[in-house]
Protein chains: 2
Amino acid sequence: MAKNADYQRIENPFAAPGHDHSSCIVSALDGAEATCARRGERLTPLRRQVLELVWRGHRPVGAYDLLALLQDERGRVAPPTIYRALEFLCDQGLVHRLDSLQAFIGCGHPGSHDEEHHHAAHFLICQECGLAVEMRDGQLDGAINGLAGRAGFTIADETVEISGLCAECQG
Amino acid sequence: MAKNADYQRIENPFAAPGHDHSSCIVSALDGAEATCARRGERLTPLRRQVLELVWRGHRPVGAYDLLALLQDERGRVAPPTIYRALEFLCDQGLVHRLDSLQAFIGCGHPGSHDEEHHHAAHFLICQECGLAVEMRDGQLDGAINGLAGRAGFTIADETVEISGLCAECQG
DNA sequence: TTCATGATGTTATATTATATCATTTCAGAA
DNA sequence: TTCTGAAATGATATAATATAACATCATGAA
Ligand SMILES: [Zn+2]
Ligand SMILES: [Zn+2]
Ligand SMILES: [Zn+2]
Ligand SMILES: [Zn+2]
């Protein structure tokens, strides 16, 4: 049953422009099935289809872009349909919303779904190529927790989105 | 001409609920005048008035809330009026937009306008009392720069907004 | 004055998101 | 199996946020 292990999401899409993205998609969908099953949540066909559309690439996608893509596959679909699916996927931590772009992207960290729903995610976003990469960094986590702790502040949600130029897009 | 020195913005509004906020306002407006003068930018009556409305408190304000406030003082005003003023103020770093709230708040760091327009700002936002406080933290800056640097990423913009409960609102 | 530039006014519209209620689906109880 | 309540989806309308496009006005330099 090494279903997940057979495929994996690319860790740093900035550095892997020509990777086998179908493997990312399979990994994300299989992981989502497993996560929802474990939690007793329902990854319905609609939700799965929306997640698959989000995973078309490593670039954030707007809700109405997703709506158009979904309509290509199902005919007329109204906005609440896509927003409800996205809300579910975000609640489960399978998708993240990038507040600075008002757009959505698949979660890049399969491991983070073991217990926590809706985990913190920190992004680097390239303004040139449009890729957005979810980063894990202990120092950043520490700095945020330290800052909040010293202020006596209890963290509920983190929006950390760093925009600029990725290494490949400089010069 | 110690005009600015006579007044100052409160550093940590979380801990100063009953402070003399008129001093914050004066400080912000005087500082903005000075900053714009130094840069050869025009803080017109309209822009100044919008900045004053933004500074009604230490809570983020939506563009349409500001529009309503402005209308109370000037009669009918259309959305582009407020958005253009906010764009100017954000460009000058006098106001920050909180992407996670789609709202605007006055810049809490008078010192950061010496050279840089549109400087990075990191916020703690209390979901209970609504206060948003701009934080300065070397470790956080270091962590962000380190993370970006190791990825070969050049930072253009930072959105760092930590939501939760401030010390006063716990329990 | 004349002209160029930037700021504001005005109208229309784009984009993102949600409220509400009807209908369908589905898991579990009987 | 059928029944039933809760969750999910469908469908319609509308709210909330933001910008495009063009007209007019103010400001300051030549
Ligand atoms: Zn991929
Ligand atoms: Zn790039
Ligand atoms: Zn104050
Ligand atoms: Zn608070």
Side-chain angles (χ1 to χ4, degrees), chain A residues 32-33 36-54 59-92 94-105 117 159 161, chain B residues 32-33 36-37 39-54 59-92 94-105 117 130 159 161:
Chain A
E33 293 281 9
C36 290
R38 179 156 24 81
R39 291 180 184 158
E41 299 284 354
R42 298 172 53 200
L43 188 63
T44 63
L46 173 66
R47 290 165 173 173
R48 192 188 153 91
Q49 194 175 1
V50 171
L51 182 59
E52 192 171 358
L53 291 173
V54 167
R59 290 176 173 82
V61 197
Y64 278 76
D65 293 333
L66 289 168
L67 184 60
L69 293 169
L70 192 61
Q71 285 175 332
D72 290 344
E73 302 182 351
R74 311 199 146 204
R76 290 283 150 75
V77 172
T81 299
I82 205 84
Y83 278 103
R84 284 188 290 223
L86 288 169
E87 182 184 32
F88 172 84
L89 295 168
C90 287
D91 284 349
Q92 298 303 321
L94 302 169
V95 162
H96 298 294
R97 181 177 192 272
L98 294 174
D99 290 334
S100 63
L101 299 175
Q102 297 180 178
F104 300 83
I105 191 167
H117 296 212
T159 296
E161 300 168 18
Chain B
E33 293 280 10
C36 290
R39 291 180 183 157
E41 298 284 354
R42 299 173 54 200
L43 188 63
T44 63
L46 173 66
R47 289 166 174 173
R48 191 188 154 91
Q49 193 174 1
V50 171
L51 182 58
E52 193 171 358
L53 291 174
V54 167
R59 291 176 174 81
V61 197
Y64 278 75
D65 293 332
L66 289 168
L67 185 59
L69 293 169
L70 192 60
Q71 285 175 333
D72 290 343
E73 302 182 351
R74 312 199 145 205
R76 290 281 149 77
V77 172
T81 300
I82 204 85
Y83 278 102
R84 285 188 292 224
L86 288 169
E87 182 183 32
F88 172 84
L89 296 168
C90 288
D91 284 349
Q92 299 303 320
L94 301 169
V95 162
H96 299 294
R97 181 178 193 273
L98 294 175
D99 289 335
S100 63
L101 299 175
Q102 296 181 177
F104 300 83
I105 191 167
H117 297 212
T159 297
E161 301 167 19

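Naming: A, B, ... by sequence-line order, numbering from 1 per chain.
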K.L.:
Picking from A:Asp99, A:Thr159, A:Leu101, what satisfies side chain to side chain contact (heavy atoms under 4.5 Å, CB included) with B:Asp99?
P.N.:
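With B:Asp99 as partner, side chain to side chain contact (heavy atoms under 4.5 Å, CB included) holds for just one option, A:Asp99.
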
K.L.:
By nearest heavy atom, map B:Gln102 and B:Arg76 onto DNA chain C; which one lands nearer the 5' end?
P.N.:
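Closer to the 5' end of DNA chain C: B:Arg76.
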
K.L.:
Nearest heavy-atom pair of A:Arg42 and A:Phe88: which atoms, and what distance?
P.N.:
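Scanning both residues, the minimum pair turns out to be O-CZ, 3.6 Å.
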
K.L.:
Can you find a side chain N or O atom of A:Arg74 that sits less than 4.0 Å from OP1 or OP2 on D:dG10?
P.N.:
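It does, given that an N or O in the side chain of A:Arg74 lies less than 4.0 Å from OP1 or OP2 of D:dG10.
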
K.L.:
Among D:dA11, C:dA7, C:dA17, find the nucleotide with the atom closest to the side chain of A:Phe104.
P.N.:
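Of the options given, the side chain of A:Phe104 lies nearest C:dA17.
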
K.L.:
5'-most contact on DNA chain C: B:Pro79 or B:Pro45, nearest heavy atom basis?
P.N.:
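Mapping each residue to its closest nucleotide by heavy atoms, the 5'-most match is B:Pro45.
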
K.L.:
Looking at every non-hydrogen atom in both residues, tell me the closest pair between A:Leu89 and A:Arg47 and how far apart they are.
P.N.:
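Shortest heavy-atom separation between A:Leu89 and A:Arg47 comes out as CD1-O, 3.9 Å.
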
K.L.:
Pick the closest DNA chain D nucleotide for A:Thr44 and for B:Ala103 by heavy atoms, then say which residue is nearer the 5' end.
P.N.:
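By nearest-heavy-atom nucleotide position, the 5'-most residue is A:Thr44.
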
K.L.:
Verify the contact: side-chain N or O of B:Arg42 to OP1 or OP2 of D:dG28, cut-off strictly under 4.0 Å; return yes or no.
P.N.:
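Answer no for this pair, as no side-chain N or O of B:Arg42 is under 4.0 Å from OP1 or OP2.
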
K.L.:
With respect to the side chain of A:Arg47, which nucleotide from D:dT19, D:dA8, C:dA19 is positioned closest?
P.N.:
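Of the candidates, D:dA8 comes closest.
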
K.L.:
Record whether the side chain of B:Tyr64 comes under 3.5 Å of the base of D:dA15 through a donor-acceptor pair of N or O atoms.
P.N.:
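Side chain to base: no pair below 3.5 Å.
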
K.L.:
Using side chain to side chain contact (heavy atoms under 4.5 Å, CB included) as the criterion, point out the one residue from B:Leu98, B:Val61, B:Val95 that pairs with B:Ile105.
P.N.:
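With B:Ile105 as partner, side chain to side chain contact (heavy atoms under 4.5 Å, CB included) holds for just one option, B:Leu98.
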
K.L.:
Could you state the CD1-P distance from A:Ile82 to C:dT18, rounded to the nearest angstrom?
P.N.:
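Atom-to-atom, A:Ile82 to C:dT18, this comes out as 14 Å.
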
K.L.:
Can you tell if the side chain of B:Leu86 reaches within under 4.5 Å of the side chain of B:Arg97, non-hydrogen atoms only?
P.N.:
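Result no, sub-4.5 Å side-chain heavy-atom pair not found.
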
K.L.:
For D:dT9, does OP1 or OP2 lie under 4.0 Å from any side-chain N or O of A:Thr81?
P.N.:
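For D:dT9, OP1/OP2 do not have a side-chain N/O of A:Thr81 under 4.0 Å.
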
K.L.:
Could you please name the option among D:dT19, C:dA19, C:dT16 that lies closest to any side-chain atom of B:Tyr83?
P.N.:
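Among D:dT19, C:dA19, C:dT16, the one nearest the side chain of B:Tyr83 is D:dT19.
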
K.L.:
Roughly how many Å is it from CG in A:Leu86 to C1' in D:dT9, rounded to a whole number?
P.N.:
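It is 15 Å, rounded to the nearest whole Å.
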
K.L.:
Mind calculating the distance between CG (A:Leu98) and P (C:dT16) to the nearest angstrom?
P.N.:
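After rounding, the reported distance stands at 14 Å.
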
K.L.:
Measure from CD on A:Glu87 to P on C:dA17 and round the result to the nearest Å.
P.N.:
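A:Glu87 atom CD is separated from C:dA17 atom P by 12 Å.
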
K.L.:
Specify the separation, in whole Å, of atom CG of A:Leu101 and atom P of D:dA18.
P.N.:
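For the pair A:Leu101 CG and D:dA18 P, the rounded distance is 14 Å.
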
K.L.:
Taking atom P of C:dT10 as reference, at what distance in whole Å does atom CG of B:Leu46 sit?
P.N.:
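Answer to the nearest Å: 12 Å.
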
K.L.:
Find the distance A:Leu43:CG to C:dA27:P and express it as a whole number of Å.
P.N.:
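Computing the A:Leu43:CG to C:dA27:P distance gives 14 Å.
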
K.L.:
Select base, sugar-phosphate, or nothing to describe what A:Arg84 touches, counting heavy atoms under 4.0 Å on all strands.
P.N.:
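Answer is base: heavy atoms of A:Arg84 come under 4.0 Å of a base.
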
K.L.:
Please report, rounded to the nearest Å, how far the P atom of D:dA8 is from the CD atom of A:Glu41.
P.N.:
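Rounding to the nearest Å, CD of A:Glu41 and P of D:dA8 are 7 Å apart.
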
